[in-house]
Amino acid sequence: MPFIADSQRGNSLPTSPTEATTAKKNSLFDPERLLQSFNDLFDNLVYMNGQYTKRYRDAEVEVERKEAQATERLMKRADRVDGSIGQVEKLEREINDLARRIYKLNENIYSVSEPQERLKDARKLLTHFMELNQDALGEFTFPELTKPRKNFEDFRQASSTVLRLHRIAKDMGTAEDRIYSKARDRIFDLYNQLQRDLIELFTNAHKERPVDITTMQKTAELLQNFPAGQQQCVAVFIQRTADSVNIQSADVFRVIVQLATDTYKIIREIFPSPEGVMEKFVTYVITEKLQGLIKTKLEVKNTEGQEGYLRDLYELHKKTKTLEQSVEVFKQVRMDKILRMLFDPYLSRYVETECNFLRIRCTGMMQQYYDGLLAEWGLPKQQTAVQVLPEKRDFFGVSIMTAKTLPVVMGEFLKEHPTVTADIKIINESLALNLLHELRQSAARAHALAPEDQLGACLLQLGQTIINTVLLIHMDYGLEIGIIALPPLEPKAEPNTTFLHLIQLSTVLHNLTVRQLDESLKSLPRSPAHQQKLRDQLREARERLERKSSAGLEHCLNSAMSWIHTLLMAQKRTEYAEPRHSYAATNTARKVAQYFMKLVRLVEASVDGLNRQSVFMEMGFRFHREIFDRLQELPYTSDGVMILICDVNEYRECVRMMKVDLVIKLFDQLLSLCNLLVAQPVNLPLMCDSLYGVIEQKEPIAAFIRLRSDFKTSSEYVRSYL
């Protein structure tokens, strides 16, 4: 049923006082009963609080009681511990006192027994000595010297006696030596015989399968007192161990490492001083086993000449040196000493051999290349070998020589046969890369094999050989051949620009050579004098190539400008004076622009850095002069001037490719000067003033004003510029 507030309120309120009294009596809410309930609850809480307070106090009392009991127990336990410590200290004092009495008793016993033992030993040694000094040996009182030794204890007793007798025999003076010579000689014989017997015992134990490690260990320990015998024992062990493995396998170095690792475990068990024995073993195995291999490779089977010899020497030295990482765990092994023992006979003459090989190798490659090129072109083989030629100062002068050099012969051939494509042959990238590859190999060998005090001189000679062959022969020959084959200064046809490609190739290969020299000769900075000498020679070679490149480039530009001049002169004189129905650039302008753009792209690909900007600026100035001079020779009409503006705009677009602000400014000014030809006479003063503020010269302005068809009348307005 829904809840209705008004209805609920009406039902709940009394309608009269009587009803209100009756309702109060019958109502569930009774304040008196509620107060009574609160009082009863409060009394209960007070009672409960009293109960819990009593329990808390009882708990506190119980805790204090238990704490007192625990403290009492701990105190009693501490007293017992203190008593135990006292007993322990007392017992320790008693033990120490007993130990002192035992030690004193032992000293007393030893002081009594030691002289007796010494006396007994001395009597025994004297008996041995006197019996050995007799003319004829009889039966010995103490038979350990002569009886058969059946076990190791017999060897130990015999060694002890013989060693003491041997010490006595060595210390005898001259007089005693004559008297007891028989005993002395027999003692030495006994010493040597026992030493041989011990070595034989060691060897037999080594021969057993499995190896008798215990006997070998005990024998090696006894042989420490026999210096010569110990060395012989070690030598026999090393030789037998090394010979037990087939060291002539293909991977001899791996076998050596494996043998050394396995043997080291045995040596540590047998010998008292394993490090020294291991050093001798490794040295023996590497030197004795590799020496034959090295001799076979470098002396007996050296059928490939110096190249094979140097390659094998480098590979053998490298592989032997890699053993150092494997044997470095054997602390006393010195690989530097082993390397000297193996390779010093070959390294003493290495530097001379390496430098001679690279020089002969590079010269041979150059000679073979040029002989093949001459044969390809049908030219006779030259009698003289390729070599660095004296530098010419006059590249285009007439040279009187008894015999033509190789560059002259090839250059004259290319000049007579301009259709032959030879730029990538006269400066050949593959040949240069092969020569630099030879440098890398020789330099790598030099860094590994050359003695430290000879490394700088060796690297210098290697670098000089590459500078001579790559820069001063191959690239110098190529540029000189290109100069001789250059087109004439006044060509009848479009001139050949092959020389620009030669400049590009020479620049690339020069930078590659310099970078390769730096990478290959990385240790040269340790020798500043040799480094400076190489830098000076490299600088001289670069300057020589730059002089030839500059001379050839100048000739190319002169020839190109002559051809542009020829193209401009082919233009009809009346081409700007004829009436036109449309305005567009002339054929002549398009031909000139196309050729000039081709020239710009060639220079951009051939010349780099600041040199490119300088060449572009020179080209722009010359091109501007050719255009300007030619425009001064032609007549113009109003229609012709519009065609002229189209042509000049064509030229201006060409020079924008060079990105040289000064040249672009010149052609912008030239285009502005062309506007003087079509301006109204009354406007000429204002235009001339504006142009003069930019050009700052009156001569170009006056030259274009004179080209106006109405010059006589219009000149009255601009007399100040004429």
- Message: Just checking Phe343 against Tyr350, ring centres under 6.0 Å apart?
- Response: no

[X] side-chain N/O to [Y] backbone N/O, donor-acceptor pair under 3.5 Å:
{"X": "Arg349", "Y": "Pro345", "result": "yes"}
{"X": "Asn511", "Y": "Thr507", "result": "yes"}
{"X": "His510", "Y": "Ser506", "result": "no"}
{"X": "Gln367", "Y": "Val386", "result": "yes"}

- Classify the angle between the aromatic ring planes of Phe271 and Phe237 as parallel (below 30°), tilted (30 to 60°) or perpendicular (above 60°). perpendicular

- Should the pair Tyr370 and His474 be assigned to parallel (<30°), tilted (30 to 60°) or perpendicular (>60°) ring geometry? tilted

- Item | Partner of Thr219 under side-chain contact (heavy atoms from CB on, under 4.5 Å), chosen from Asp212, Ile199, Leu198 | Leu198

- Message: Under a 3.5 Å cutoff, is there a donor and acceptor pairing between the side chains of Tyr284 and Glu279?
- Response: no

- Are side-chain N/O atoms of Glu269 and Gln217 paired as donor and acceptor at under 3.5 Å?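 No, because no side-chain N or O of Glu269 sits under 3.5 Å from a partner of the opposite role on Gln217.
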
- Query: Side chains of Tyr309 and Lys297: does their closest heavy-atom pair fall under 4.5 Å?
  - Reply: no

- Measure the spacing between CG of Leu313 and CD1 of Ile294 and express it to the nearest 0.5 Å.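 That separation rounds to 8.5 Å.
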
- Query: What distance separates Leu545 CG from Leu472 CG, expressed to the nearest 0.5 Å?
  - Reply: 6.5 Å

